There are 2 protein chains.
Amino acid sequence: MPDLIEVFREHGYEGASLSLIGARTGLGKGSLYHFFPGGKEEMAASVLAEIDAWFEHRVFAPLRGDPDPEAAIAAMFQATDLYFRSGARMCLIGIFALCDARDRFAGAIHGYFATWTQTLAEAMVRSGRNPGEARDIAEDIVGGIQGALVLARAVNDPGVFARALRRLAVRGGGLSSVRHRDTQP
Amino acid sequence: MPDLIEVFREHGYEGASLSLIGARTGLGKGSLYHFFPGGKEEMAASVLAEIDAWFEHRVFAPLRGDPDPEAAIAAMFQATDLYFRSGARMCLIGIFALCDARDRFAGAIHGYFATWTQTLAEAMVRSGRNPGEARDIAEDIVGGIQGALVLARAVNDPGVFARALRRLAVRGGGLSSVRHRDTQP
DNA sequence: GTCTATAGAGTGATAGAC
DNA sequence: GTCTATCACTCTATAGAC
């Protein structure tokens with residue numbers, strides 16, 4: 001249900017009223033409660049699960065399984081730029097992490113960010129970094145992406161996100177970073 | 001009104017109901033509407049203004065006026081760590097930037113982040129960096145702080161914020177960064 | 001008939017304004 | 001405290017598929 005995702009993304013959990021959801025999806029309350037007997041909370045949970053599945057398939061699994069970890073990391077940055085529309089689209093899970101109902105979804109929110117950070121760090125270890133440095137850089141990247149999305153929205157300039165992604169990609173082991181490491185003593 | 005700030009910080013704009021605000025501040029609705037004739041929106045606006053004033057006094061003004069820009073930047077990191085309680089406290093303005101009512105407060109939100117980024121970049125220029133690099137690093141730091149706060153809350157680990165602040169301080173021209181620059185060709 | 005999807009009036013509770 | 005609007009939600013009725 002892409003419309004459902006967008007209502008929550010644009011209005012947050014409390015802002016996404018059932019009347020808004022109904023208007024946007026074209027579904028009456030009967031249909032909504034037929035598909036989601038648990039009401040609004042179940043709708044939001046299914047949205048979080050859908051997003052998590054997208055990232056699992058497009059980002060986390062490649063980071064885990066790709067025999068070339070540096071290529072997987074580069075692909076991650078590309079997928080991220082695509083998903084967030086170069087900074088024009090917010091991260092719904094980040095929005096939920098800050099909203100008043102965050103405790104109800106703490107598991108999904110924690111899982112998303114923890115998995116991202118961990119699979120990214122592991123890919124970096126496989127590409128030759130030591131574990132401590134890898135965790136540090138992974139946190140830098142995942143946090144940097146979130147912060148850039150907030151900042152881009154706050155100052156209404158998607159360019160903030162583009163510049164941030166470029167910096168983070170270099171730190172994450174883009175080509176320039178590899179070359180840089182190779183020239184170190 | 002520190003209680004008012006905390007209600008909005010903990011519950012967001014939509015989550016901070018008048019009954020919650022009344023309970024926390026000990027004020028009845030009559031008193032609240034006497035102090036804030038504009039209702040909830042005026043309460044939130046005054047909270048944003050109060051936070052902006054704190055940062056203006058403790059962060060932005062020193063960044064602008066201190067004859068030693070590197071000391072001002074170091075003081076900024078210290079004030080930031082103190083203000084956000086080493087990652088245990090969220091940024092209210094970041095929360096407002098993502099909530100459904102964000103458009104009503106767009107001016108204050110934009111002003112806060114734009115001023116922080118700009119005064120920080122200018123301090124870096126005064127400490128010897130070129131303007132383009134300074135803006136890039138300033139965006140990295142201000143965005144990195146926001147992202148670290150979100151990530152720290154999402155995975156329930158304030159250590160994320162502490163590690164991020166340490167990385168960002170180095171990039172911003174902490175002592176180690178200066179030493180590093182001095183040893184470059 | 002049964003099952004699934006839908007519509008929408010109506011519920012009590014609570015919101016913010018005054 | 002009183003007001004009205006709106007909230008999430010329930011329930012009954014009904015449509016067509018099989």
Side-chain angles (χ1 to χ4, degrees), chain A residues 1-51 53 90 92-93 95-109, chain B residues 1-51 90 92-109:
Chain A
M1 192 67 83
D3 284 326
L4 193 58
I5 298 187
E6 290 316 308
V7 179
F8 279 112
R9 194 196 303 281
E10 289 166 20
H11 298 280
Y13 182 73
E14 5 277 333
S17 70
L18 285 193
S19 53
L20 256 177
I21 294 171
R24 178 66 164 265
T25 60
L27 262 43
K29 294 176 194 170
S31 305
L32 288 171
Y33 276 87
H34 174 72
F35 289 119
F36 306 101
K40 189 174 165 176
E41 185 164 338
E42 189 178 338
M43 298 178 207
S46 104
V47 156
L48 288 175
E50 220 171 304
I51 293 173
M90 261 308 298
L92 191 148
I93 303 186
I95 292 172
F96 272 46
L98 302 192
C99 83
D100 196 34
R102 58 187 177 266
D103 290 343
R104 304 187 194 182
F105 310 107
I109 294 166
Chain B
M1 192 67 86
D3 283 327
L4 193 59
I5 297 187
E6 290 317 306
V7 179
F8 279 113
R9 193 195 304 280
E10 288 165 22
H11 298 279
Y13 183 73
E14 7 278 332
S17 70
L18 286 194
S19 52
L20 256 177
I21 293 171
R24 179 68 164 262
T25 60
L27 263 43
K29 295 181 188 177
S31 307
L32 288 170
Y33 272 87
H34 173 72
F35 289 121
F36 305 102
K40 189 174 167 176
E41 184 164 340
E42 189 178 337
M43 298 177 207
S46 104
V47 157
L48 289 174
E50 219 170 306
I51 293 173
M90 261 308 299
L92 191 149
I93 303 188
I95 291 172
F96 272 47
L98 302 190
C99 82
D100 196 34
R102 58 190 177 267
D103 290 344
R104 304 187 195 182
F105 309 107
I109 294 165

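In what follows, chains are A, B, ... by sequence order, proteins preceding strands, each numbered from 1. In this text the structure is predicted, and so the values were computed from the model without any measurement.
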Check the distance between [N]'s [atom2] and [X]'s [atom1] and give it to me in whole angstrom.
{"X": "A:E41", "N": "D:dC7", "atom1": "CD", "atom2": "C1'", "value": "16 Å"}
{"X": "B:E14", "N": "D:dA8", "atom1": "CD", "atom2": "P", "value": "12 Å"}
{"X": "A:M1", "N": "C:dA5", "atom1": "CE", "atom2": "P", "value": "11 Å"}
{"X": "A:L32", "N": "C:dT6", "atom1": "CG", "atom2": "P", "value": "9 Å"}
{"X": "B:L18", "N": "C:dA15", "atom1": "CG", "atom2": "C1'", "value": "8 Å"}
{"X": "B:F36", "N": "C:dC18", "atom1": "CZ", "atom2": "P", "value": "16 Å"}
{"X": "A:H34", "N": "C:dC3", "atom1": "NE2", "atom2": "P", "value": "13 Å"}
{"X": "B:H11", "N": "C:dG16", "atom1": "NE2", "atom2": "P", "value": "12 Å"}

Inset, instruction - First locate atom CG of B:L48, then atom CZ of B:F8, and finally report the distance between them rounded to the nearest 0.5 Å. - result: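 If we round to the nearest 0.5 Å, B:L48:CG and B:F8:CZ are 8.5 Å apart.
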
Inset, instruction - With heavy atoms under 4.0 Å as the rule, sort A:G30 into base, sugar-phosphate or nothing. - result: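 It contacts base atoms.
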
Legend entry - Short side-chain N/O contact to D:dT6 OP1/OP2 from A:S19, under 4.0 Å: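 For D:dT6, OP1/OP2 do not have a side-chain N/O of A:S19 under 4.0 Å.
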
Inset, instruction - Taking only the side-chain nitrogens and oxygens of B:Y33, find out if one of them lies under 4.0 Å from OP1 or OP2 of C:dA17. - result: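 So the side chain of B:Y33 is within the cut-off, an N or O lying under 4.0 Å from OP1 or OP2 of C:dA17.
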
Legend entry - Heavy-atom pair of closest approach, residues B:V7 and B:A16: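 So the two residues come closest at CG1-CB, 3.8 Å.
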
Inset, instruction - For B:C99 and B:E14, work out which heavy atoms get closest and say how close. - result: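 Scanning both residues completely, I find the closest heavy atoms to be CB-OE2, 3.1 Å.
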
Legend entry - Charged N-O contact under 4.0 Å between A:R104 and A:E41: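 Yes, this pair counts.
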
Legend entry - Whichever of B:K29 and A:S17 has its nearest DNA chain D nucleotide further upstream toward 5':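 Nearest nucleotide further toward 5': that of B:K29.
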
